[in-house]
Amino acid sequence: MTLSVFDIFKIGIGPSSSHTMGPMWAGQRFVNELKQKGVFESTASIRVGLYGSLAHTGVGHATDKATLLGLAGFRPDTVDPDEADKAYDYIRNSSSMKLGGTHSIPFDYESQMIFHFGEELPEHPNGMRIFASDANGIVIYYKSYLSIGGGFIVCADEFNATKDGLQPADSGQPELPYPFKSGADLLEMCERDGITIAELMMANEKVRTNGDEEAVNQGIDQIWDVMRNCIDRGLKMQGTLPVSGMKRRASDMHRTLMANPESMLTDHFAIMDWVTLFAMAVNEENACGGRVVTAPTNGAAGVIPAVLAYYTRFIKGSDQQGIRNFLLTAAAIGALYKMNASISGAEAGCQAEVGSACSMASGALAAVMGGNVHQVENAAEIGMEHNLGMTCDPIAGLVQVPCIERNGMAAIKAITACRLAMRGDGNHEVSLDSVIETMYQTGLDLQSKYRETSRGGLAVFAKKQSVA
Ligand code: SF4
């Protein structure tokens, strides 16, 4: 299935697309399925089991809370964080919940929210099972869900049927003019029809909206609005990050940069400070459960807004069409990672999250800087090539260290990758498709302790140091 720009960029809340947004969608979906099966009213209790990475880093990512909120009728794209906090407190304090927002049932967190540490579902490291029982304690419905990255949720059957968990091409999707599956497809179709990757994506999106280009543009503009607002909030907010109590740094950095505007004239690298700051502002917001856009995940949500902010603030001639082209191009590249490899840190390490975001941003920036399709593909390839092997080892399972700074570093790397590609003519040795396959195989070869379990790498070393 060829993915849409709105599959890749989804508005939601932090701190994690796979561990927060996905489980909230799973809770939502489970309630809908209870209704479809006609057992919603007879459900008297719910039990949730979290497996693999969802168990290991679930509390730090608020997986338990997100699942319960989904079961209580909240959606990631519309949830008000304050209302969500109140609803969660109600569940924990009253030992009861309103299933689907209406149907009151008892819920004892300690015995009905179960973390299966050391156990994985066979299909995917991010697994969960939800059970519904009637008043006699008989299980009347249950389902296994997999959170496959970027907020995508599939059930085990769907995953097994299509390998990647995405819908098959013949599943009712309208016939697209450009059904691409690889970077080679993108190059071939763009060259054949003399169009850019953004134009190719728009042609596909128009089919999905019955030709309503304005609706597509409004949707894309809304994505940028949420990204931009997220940067602005992150630059203002002070205080500490949840659970770790670490100080938020973006607002102080912002004040320092604003107090020294002349640094832009005397310091050749001042722009790098701004780009890093934009990314950190987004990821601090994400860590605090704020409203973000998956790009392609929440953990990597700062890279694309930061590079797009670089484009709007520092590149002469930037305009609204450029912003749309940037996001369309980035989405096409992100779709390649999602369709052919992984954007899940639990499945393939941080190279799949921040690495993919870097690659998307590199290619998109090259596109709006006037690069031809070969330079765009080259930029995207460079953006991933130098993230290969990057592990996911967040300290205490929180999307904070190394994640927040890492997004800043990847944003800088994306700009460098774009500039390198733009110095060439698009000819290069390693294709984007090859580097995507390499990333995926490298991810599968990573020991599981380096894939979002907080059982290896920086997470363990930093713990030892703090004990010593
Ligand atoms: S280390 Fe990377 S993949 Fe892991 S949680 Fe942080 S941003 Fe996501």
Side-chain angles (χ1 to χ4, degrees), residues 12 14-23 52-63 66 124-126 147-152 241-244 246 276 279-280 282-289 292-306 334 337-338 341-361 383-384 386-411 413-414 439-440 442-443 446-463:
S16 167
S17 43
S18 56
H19 289 58
T20 316
M21 282 174 58
S53 180
L54 293 188
H56 281 293
T57 62
V59 172
H61 289 93
T63 306
H124 197 277
N126 287 336
S147 185
I148 59 174
F152 290 87
L241 301 173
V243 186
S244 69
M246 282 173 33
T276 308
M280 288 179 62
V282 170
N283 284 85
E284 287 186 354
E285 274 298 290
N286 179 61
C288 292
V292 297
V293 177
T294 61
T297 64
N298 281 30
V303 180
I304 285 172
Y337 285 98
K338 181 69 194 145
S342 173
I343 54 170
S344 161
E347 193 178 9
C350 197
Q351 52 169 4
E353 289 203 18
V354 169
S356 297
C358 180
S359 174
M360 292 161 68
M384 172 51 80
H386 306 290
N387 281 296
L388 287 175
M390 192 159 63
T391 60
C392 170
D393 52 0
I395 293 178
L398 302 168
V399 193
Q400 298 179 6
V401 181
C403 321
I404 294 170
E405 282 180 5
R406 183 166 288 175
N407 274 256
M409 303 300 288
K413 199 183 278 190
M439 182 276 281
Y440 191 44
T442 304
L446 284 177
Q447 289 184 30
S448 71
K449 67 181 180 178
Y450 296 116
R451 290 189 268 124
E452 207 162 359
T453 57
S454 283
R455 287 187 289 148
L458 191 58
V460 170
F461 182 68
K463 266 188 216 158

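Ligands are counted one by one from 1 in listed order, and the atoms in each one are counted from 1 as well.
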Under a 4.0 angstrom heavy-atom cut-off, which atoms of ligand 1 come close to Cys392?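 Taking each heavy atom of Cys392 in turn, ligand 1 has 1 (S), 3 (S), 4 (Fe), 5 (S) under 4.0 Å.
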Contact atoms of ligand 1, heavy-atom distance to Arg406 under 4.0 Å: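 Ligand 1 atoms under the 4.0 Å threshold to Arg406: 1 (S).
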Looking at every heavy atom in both Pro394 and Ala459, which two are closest together, and how far apart are they?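 So the two residues come closest at O-CB, 3.6 Å.
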Residue of the set Met390, Glu347, Arg406, Glu452 for which side chain to side chain contact (heavy atoms under 4.5 Å, CB included) holds with Glu353: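 So the option named by the test is Glu452.
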Could you tell me whether atom 2 (Fe) of ligand 1 has an N, O or S atom of Cys350 under 2.8 Å away?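 True for Cys350.
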Give a yes-or-no answer on whether the side chains of Ser244 and Gln400 include a donor-acceptor pair shorter than 3.5 Å.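 The answer is yes; a qualifying pair exists.
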Would you say His19 and Thr57 are linked by a side-chain donor-acceptor pair, where the criterion is simply a distance under 3.5 Å?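 Present: a donor and an acceptor within the cut-off.
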For atom 8 (Fe) of ligand 1, what is the nearest protein heavy atom, given as residue, atom name and distance?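 Checking every protein heavy atom, the shortest distance to atom 8 (Fe) of ligand 1 gives Glu353 OE1, 2.9 Å.
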To the nearest 0.1 Å, how far is atom 5 (S) of ligand 1 from its closest protein heavy atom, and which atom is that?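 Going by distance alone, atom 5 (S) of ligand 1 is nearest to Cys403 SG, 3.7 Å.
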Pair Ser342-Tyr337, side chain to side chain donor-acceptor pair (under 3.5 Å): steps then yes or no: CA-CA 6 Å; Ser342 173; Tyr337 285 98; over 6 Å; no
